[in-house]
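Excluded from the calculations below are hydrogen atoms, water molecules and symmetry mates; all remaining heavy atoms, backbone and side chain alike, are included. Numbering starts at 1 and runs along the sequence shown.
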Amino acid sequence: MAATSLLPAISNAIALFNPLNQPPKPLITRCSLASQSLSSAKSHLLDLISDQNRGLATQSDRRKLSQITDAVDSIALINRDQLTTNASLSGTWRLLWTTEKEQLFIIKNASFFGTKAGDVLQVIDVEKRSLNNVITFPPDGVFFVRSDMEIASPQRVNFRFTSAVLRGKDWEFPLPPFGQGWFDSVYLDDNIRIAKDIRGDYLIVDRASYQWKE
């Protein structure tokens, strides 16, 4: 007895689910959906902070603050599996927006000392386990805090302040170290990093076009 081919039956069954005989659409993977969602969320966040003067304007706008922190938390949830403590974390990162009151106080009140705040930086070297927090006062002034750091998890860095320096053109005033903590980089790409820290503060930075050095 000749064997009966199953191909016609399979073909007819496919036609029932595709009556117009259209080519099947490509599958959208969970990974690509997450990538699209993350890209959209990042663009939305950058739009929210674009007019916030590094966070100064947000201090008096609770609604805007809530929108920004909600956007960061959404990104953190979508991106919870990303490794952000590898070599890509190294670099000179320039402040775009923060809730950190000490930094915002210095930025806001620098004029009382006859100057103004320039770039506010976080300089990280994963290989050397070093972290410098820097506030520049052009043309020659700078305040920076040196820290040792260690990788604690795929997104967390522990740090300990070791010294601080206030420096002008021809002078330098050392200050004692004052604390330790951690931060989670909840998002990291070639241009942007988003972090949350032990005190519940938020930080959004971009990769500076230069490398800061002492």
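Hydrophobic cluster membership is shared by W171 and F143, with clusters built from Ile, Leu, Val, Met, Phe, Trp and Tyr side chains linked at under 4.5 angstrom. L38 and I194 fall within a single hydrophobic cluster, where Ile, Leu, Val, Met, Phe, Trp and Tyr side chains are chained together by heavy-atom contacts under 4.5 Å. Taking hydrophobic clusters as Ile, Leu, Val, Met, Phe, Trp and Tyr residues chained together by side-chain heavy-atom distances below 4.5 Å, F161 shares a cluster with F183. Under the 4.5 Å side-chain contact rule for hydrophobic residues, V165 and V123 share a cluster. Hydrophobic cluster membership is shared by L56 and L95, with clusters built from Ile, Leu, Val, Met, Phe, Trp and Tyr side chains linked at under 4.5 angstrom.
By the 4.5 Å heavy-atom criterion applied to side chains, F137 and I106 are counted as neighbours. Side-chain contact between V134 and V142: present, with at least one pair of heavy atoms (C-beta onward) separated by less than 4.5 Å. The shortest side-chain heavy-atom distance between I68 and Q52 falls under the 4.5 Å cut-off. No side-chain heavy atom of Q122 sits under 4.5 Å from any side-chain heavy atom of N132. Put simply, the side chain of D73 reaches to within 4.5 Å of the side chain of Y202, judged on heavy atoms. Using a 4.5 Å cut-off on side-chain heavy atoms (C-beta onward), L121 and W93 make no contact.
Between P176 and A164 the shortest heavy-atom distance is O-CB, 4.5 Å. Of all heavy-atom pairs between A76 and V186, the closest is CB-CB, 3.7 Å. Between A117 and P138, the shortest heavy-atom contact is C-CD, 4.4 Å. The minimum heavy-atom distance linking L89 with S185 is given by the pair CD1-OG, 3.8 Å. Residues R207 and D190 share a closest heavy-atom pair of NE-O, 3.0 Å.
Going from atom CG of N158 over to atom CG of D148 covers 12.0 Å, rounded to the nearest 0.5 Å. Taking CG from N86 and CD1 from I151, the interatomic distance works out to 8.5 Å, rounded to the nearest 0.5 Å. The distance from atom OG of S74 to atom NE2 of H44, rounded to the nearest 0.5 Å, is 8.0 Å. Taking CZ of R146 as the start and OG1 of T162 as the end, the distance is 7.0 Å to the nearest 0.5 Å. Atom CD1 of I107 is separated from atom CD of E102 by 11.5 Å, given to the nearest 0.5 angstrom. Note: I124 CD1 to S90 OG = 7.5 Å, rounded to the nearest 0.5 Å.
Between the side chain of T58 and the backbone N or O of D61, no donor-acceptor pair lies under 3.5 Å. Between the T85 side chain and the S153 main chain, a donor and an acceptor come within less than 3.5 Å of each other. Under the 3.5 Å distance criterion, the side-chain polar atoms of T115 are left unmatched by any main-chain donor or acceptor of S111. R129 places no side-chain N or O within donor-acceptor distance of the main-chain N or O of V126, the cut-off being under 3.5 Å. In this structure, T136 contributes its side chain and D119 its backbone to a donor-acceptor pair below 3.5 Å. Remark: side-chain polar atoms of S66 are not paired, donor with acceptor, to backbone N or O of R63 under 3.5 angstrom.
The pair E100-R54 does not count as a salt bridge, with every side-chain nitrogen at least 4.0 angstrom from each carboxylate oxygen. Checked for salt-bridge contact, R199 and D201 meet the test: a charged N lies under 4.0 Å from a carboxylate O. Remark: D184 does not engage K196 in a salt bridge, criterion side-chain N to carboxylate O under 4.0 Å. For R160 and E150, the salt-bridge test fails: no basic side-chain N is under 4.0 Å from an acidic carboxylate O.
Enclosure of atom CD in E172 by more than 12 non-hydrogen atoms of other residues, nucleotides or ligands within 6.0 angstrom is indicated. No more than 12 heavy atoms of other residues, nucleotides or ligands shown are found within 6.0 angstrom of NZ on K108. For F173, the CZ atom sits in a loose shell: 12 or fewer heavy atoms of surrounding residues, nucleotides or ligands are nearer than 6.0 Å.
Under the 3.5 Å distance criterion, with hydrogens and angles disregarded, a donor-acceptor pair is assigned to the side chains of N79 and Q82. For T92 and Q211, the side-chain atoms include at least one donor-acceptor pair closer than 3.5 Å.
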Working note: V145 + F159, criterion side-chain contact (heavy atoms from CB on, under 4.5 Å); need CA distance, chi angles, decisive distance, verdict.
CA-CA 11 Å; V145 180; F159 61 87; over 6 Å; no

Go through it in stages, so that I can follow the logic: the residues are V120 and Q103, the test is side-chain contact (heavy atoms from CB on, under 4.5 Å), and I'd like the CA-CA distance, side-chain angles, deciding distance and then a yes or no.
CA-CA 8 Å; V120 179; Q103 286 191 4; 3.7 Å; yes

Could you check T84 against R156 for side-chain contact (heavy atoms from CB on, under 4.5 Å), going step by step and ending with a plain yes or no?
CA-CA 8 Å; T84 61; R156 179 163 295 181; over 6 Å; no

Full working for side-chain contact (heavy atoms from CB on, under 4.5 Å) between L96 and I49
CA-CA 8 Å; L96 297 178; I49 67 171; 4.0 Å; yes

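Here the options are I192, I78, D47, the test is side chain to side chain contact (heavy atoms under 4.5 Å, CB included), and the partner is K42; only I192 passes.
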